[in-house]
Amino acid sequence: MILDLERWIRGEFTEINTALEEIYFAEQAIVLSERSDVDDLTRRLVRDGETLIGRVAQRRELPAGPDARYELLGLVGFYLGACRRHEVEPDQARVAPLAMALSSSLGVAPRFSSAHQHIHNRAVDGAFYTFTTLDSERIFLTYNGLAVIAYRRAANALLSIPRLGVSNPLAAYHFADAVAALGDVLRHSRKLADELDRDRFFYNIRPYFKSHRVGSAEYRGANAGDFAAINAIDVLLGLCSPHDPFYQWVTTDKYPYVAPEDQRLLRSLVTTESLLDMMVRELEGPLSPSLRENAELFLEACRQHGAATVFHHNRLVLPFLAEPAADAPSRPDLTASGPPLEVVIETLARLRDLRAARPRPGLDTARPALDRVRELLER
Ligand code: HEM
């Protein structure tokens with residue numbers, strides 16, 4: 001029965017969504033209704049999804065493995081995300097109990113999250129789960145996925161360093177790996193910015209990520225940043241602090257939306273000492289060649305992390321979201337997460353300035369500590 005749902009999501013579901021997107025795009029509309037072709041398609045979407053999910057729910061039996069349960073939550077979540085996108089209401093009584101049961105067994109929100117699109121997206125015959133067959137969605141998911149994988153590689157490299165110590169010659173390998181991986185984040189983000197069609201992304205892809213209701217509660221939208229590696233990098237590099245109330249809010253808000261294994265990593269960050277603190281402490285003593293090499297690589301990793309976040313803001317968030325939103329007909333739900341767009345942009349700007357250690361009045365960034373590292377190296 002789960003297999004029938006999976007086949008439908010991989011097949012007819014994407015075809016219906018694609019057909020609807022093509023109609024909206026041709027009409028320059030965000031969504032349309034009271035048109036017989038649109039209404040036929042959305043009715044089919046709602047009805048077939050309800051039937052297939054309802055059948056799985058009726059068995060009252062969940063897959064034993066957590067990965068299989070998380071994947072099933074993604075299937076129900078894609079369906080609910082598509083209903084929200086087309087502004088049609090499924091029968092929550094038939095669909096929500098399965099999402100809720102999966103959510104409580106896994107300890108995550110009962111909706112799809114971006115982890116269902118990058119780190120937990122099982123391909124069959126070379127095709128991973130998507131909402132549509134549009135090229136823009138494939139481009140977005142591919143480069144976003146590659147950037148997330150590169151962030152995870154950087155985080156794994158940095159997480160290996162505390163046990164070695166920052167002056168260990170072996171740590172140079174991990175620092176260099178982190179620098180290369182963060183360079184890859186920027187490279188994939190650039191490809192995304194170059195290849196993604198602005199209007200297609202804004203009108204036909206992003207609307208699937210909106211906030212929506214499951215049962216009686218509303219859950220915030222999915223966003224490309226719902227994975228823990230980026231926070232591990234922030235904290236290990238010492239650019240963000242798990243004791244800063246603003247940053248605590250960022251990570252707490254994210255908690256139910258990351259994959260279960262990422263929750264463990266997020267939790268561990270509260271007690272993680274930063275490599276920056278370790279570096280300053282060691283640099284205040286004798287300067288060995290390996291400590292010098294590692295400190296230079298550490299500073300390079302901070303620069304790369306800053307560059308990727310500045311790129312995200314200036315070349316992805318502003319042109320692909322803020323600018324088209326300014327041109328679009330006014331609607332209250334244009335951002336994925338729910339808060340007004342200006343609030344989302346301001347939060348991201350604050351994160352950007354922390355990550356890039358930019359001097360900014362009223363913001364406590366790592367700039368003075370990074371300058372201290374540089375000073376100690378130039379002794
Ligand atoms: C067209 C492309 C993209 C756009 C328009 C975009 C936009 C946004 C927006 C608006 C947010 C704030 C969350 C919200 O909606 O409330 C966000 C968060 C985030 N995005 Fe993107 N994004 C894009 C691509 C990417 C890519 C490729 C990555 C790389 C992995 C990425 C990483 C993040 C991260 C990490 C956050 C969470 C904030 C944080 O913890 O730093 N985004 N993005």
Side-chain angles (χ1 to χ4, degrees), residues 113-115 117-119 136-155 181-182 184-211 219-235 237 239-240 242 244 246-255 257-258 262 265-266 269 304-325 333-356:
S113 86
S114 64
Q117 298 180 298
H118 36 68
I119 44 185
S136 301
E137 187 179 6
R138 184 188 50 77
I139 289 169
F140 174 70
L141 292 184
T142 301
Y143 292 119
N144 178 31
L146 287 169
V148 171
I149 291 170
Y151 269 131
R152 282 159 66 89
R153 176 179 154 210
L182 290 167
D184 280 351
V185 171
L186 189 58
R187 199 162 55 82
H188 297 311
S189 303
R190 268 190 214 290
K191 293 276 264 181
L192 179 60
D194 289 347
E195 291 183 27
L196 191 62
D197 181 286
R198 194 186 91 145
D199 286 348
R200 279 290 189 176
F201 176 72
F202 186 78
Y203 287 103
N204 297 136
I205 312 300
R206 196 167 163 85
Y208 289 94
F209 299 176
K210 286 177 181 177
S211 318
Y219 293 86
R220 77 135 163 90
N223 76 60
D226 287 337
F227 60 97
I230 183 136
N231 305 96
I233 298 167
D234 292 341
V235 171
L237 294 179
L239 300 168
C240 300
D244 164 11
F246 165 74
Y247 197 69
Q248 282 171 342
W249 174 82
V250 169
T251 46
T252 315
D253 165 76
K254 192 181 249 206
Y255 194 81
Y257 297 93
V258 298
D262 269 24
L265 178 55
L266 274 185
L269 297 180
Q304 294 279 1
H305 192 43
T309 200
V310 169
F311 189 91
H312 175 260
H313 201 82
N314 296 345
R315 297 287 314 282
L316 293 173
V317 176
L318 299 182
F320 287 94
L321 180 62
E323 288 164 19
D333 58 355
L334 283 173
T335 64
S337 51
L341 189 53
E342 313 78 70
V343 177
V344 172
I345 304 276
E346 182 39 41
T347 303
L348 285 175
R350 197 177 165 113
L351 268 173
R352 175 202 60 201
D353 293 345
L354 287 171
R355 288 193 178 121

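All ligand and atom numbering here is 1-based and tracks the order in the structure.
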| remark: One finds that the ligand 1 atoms under 4.0 Å from a non-hydrogen atom of Val344 are 10 (C), 12 (C), 14 (C), 16 (O)
| Do Leu196 and Tyr143 have side-chain heavy atoms sitting under 4.5 Å apart? | no
| With the threshold set at 4.0 Å, does a side-chain nitrogen-carboxylate oxygen contact exist between Asp244 and Arg350? | no
| note | Within 4.0 Å of some non-hydrogen atom of Leu351, the atoms of ligand 1 are 38 (C), 39 (C), 41 (O)
| Subset of ligand 1 atoms that lie under 4.0 Å from at least one heavy atom of Gly225 | 19 (C), 20 (N), 33 (C), 34 (C), 35 (C), 36 (C), 37 (C)
| said: Could you go through Asp234 and His305, starting from their C-alpha distance and side-chain angles, then the distance that decides it, and tell me whether this counts as side-chain contact (heavy atoms from CB on, under 4.5 Å)? | reply: CA-CA 8 Å; Asp234 292 341; His305 192 43; 2.7 Å; yes
| query | Does Leu348 approach ligand 1 within less than 4.0 angstrom via side chain, backbone, both or neither, non-hydrogen atoms only? | reply | side chain
| Taking the inter-plane angle between the rings of Phe209 and Phe140 on a 0 to 90° scale, is it parallel (under 30°), tilted (30 to 60°) or perpendicular (over 60°)? | tilted
| request: Considering the heavy atoms of Ala147, write down every atom of ligand 1 situated less than 4.0 Å from one of them. | output: 29 (C), 30 (C)
| field | Backbone of Ala228 reached by a side-chain donor or acceptor of Asp262 within 3.5 Å | value | yes
| request: Please indicate whether any nitrogen or oxygen in Arg355 is less than 3.5 Å from any nitrogen or oxygen in ligand 1. | output: yes
| field | Arg206: numbered ligand 1 atoms lying under 4.0 Å from its heavy atoms | value | 10 (C), 15 (O)
| message | Suppose I only count heavy atoms of Asn144 and a 4.0 Å limit; which atoms of ligand 1 are within that range? | response | 26 (C), 27 (C), 28 (C), 29 (C), 30 (C)
| message | Within the 4.0 Å heavy-atom shell around Leu196, which atoms of ligand 1 are there? | response | 1 (C)
| What pair of heavy atoms forms the shortest contact from Asn314 to Arg352, and how long is it? | OD1-NH1, 4.3 Å
| said: Angle between ring planes, Tyr151 versus Phe227, binned at 30° and 60°: parallel, tilted or perpendicular? | reply: tilted
| said: Heavy-atom distances under 4.0 Å decide this one: backbone, side chain, both or neither, for Leu192 against ligand 1? | reply: side chain
| task | Salt-bridge test for Lys191 and Asp194: reply yes if a basic N is under 4.0 Å from a carboxylate O, no otherwise. | result | no
| His118 side chain reached by Leu146 side chain, heavy atoms, under 4.5 Å | no
| Flag, side chain of Tyr257 to backbone of Arg220, donor-acceptor distance under 3.5 Å | yes
| task | For ligand 1, note which part of His188 has a heavy atom under 4.0 Å away: side chain, backbone, both or neither. | result | neither
| request: Under 4.0 Å from a heavy atom of Lys254: give me the atoms of ligand 1 that qualify, with their elements. | output: 40 (O)
| note | Under 4.0 Å between heavy atoms, the region of Phe201 that gets near ligand 1 turns out to be side chain
| Below 3.5 angstrom, do we get any N/O pair linking His312 and ligand 1? | yes
| field | Proximal candidate to atom 24 (C) of ligand 1 [heavy atom criterion; set Val185, Leu354, Leu316, Ile149] | value | Leu316
